[in-house]
Amino acid sequence: MPEVHIDSEFGNVLIILSNKKPVKSEEGFALVTVGVGDDGEVVYISIEPSDEELAKFISSARVHHR
């Protein structure tokens with residue numbers, strides 16, 4: 001189910017991991033690294049929060065592995 005959407009005009013990336021409705025979200029500053037393969041497709045996205053509150057929020061989230 002994971003989906004990655006890239007806005008070609010602005011470079012925004014949206015990663016959808018579930019079809020559940022979010023009940024809370026947080027914004028903050030972070031260093032983002034995007035790895036691209038030989039074929040030009042996204043291989044990975046790493047998000048390293050520099051904002052303390054965002055880091056706490058992300059640390060409290062869970063990931064369901066399939």
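Glu9 pairs by the salt bridge (Lys or Arg N to Asp or Glu O under 4.0 Å) definition with nothing, not counting sequence neighbours.
Under a hydrophobic-cluster definition in which Ile, Leu, Val, Met, Phe, Trp and Tyr are linked whenever side-chain heavy atoms come within less than 4.5 Å, directly or via other members, Tyr44 and Val36 are assigned to different clusters. There is no path of hydrophobic side-chain contacts, each under 4.5 Å, that joins Leu54 to Val32. Follow the hydrophobic side-chain contacts under 4.5 Å out from Ile47 and you never reach Phe57; the two are in separate clusters. Residues Ile45 and Leu17 share a single hydrophobic cluster, defined by chaining ILVMFWY side chains whose heavy atoms lie under 4.5 Å apart.
Remark: Ile15 CD1 to Ile6 CD1 distance equals 9.0 Å, nearest 0.5 Å. In this structure, His5 NE2 and Leu14 CG are separated by 5.5 Å, a value rounded to the nearest 0.5 Å.
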Please tabulate, for side-chain N and O atoms in residues 20-28, each donor-acceptor pair with protein atoms closer than 3.5 Å (sequence neighbours left out).
none

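Counted within 6.0 Å of CD on Glu52, heavy atoms from surrounding residues, nucleotides or ligands total 12 or fewer; the atom is thus considered open.
Counting only residues at least two apart or on different chains, no salt bridge (charged side-chain N to carboxylate O under 4.0 Å, His left out) pair has a member in residues 32-45.
Closest approach of Pro49 and Ile58 over heavy atoms only: CG-CD1, 4.1 Å.
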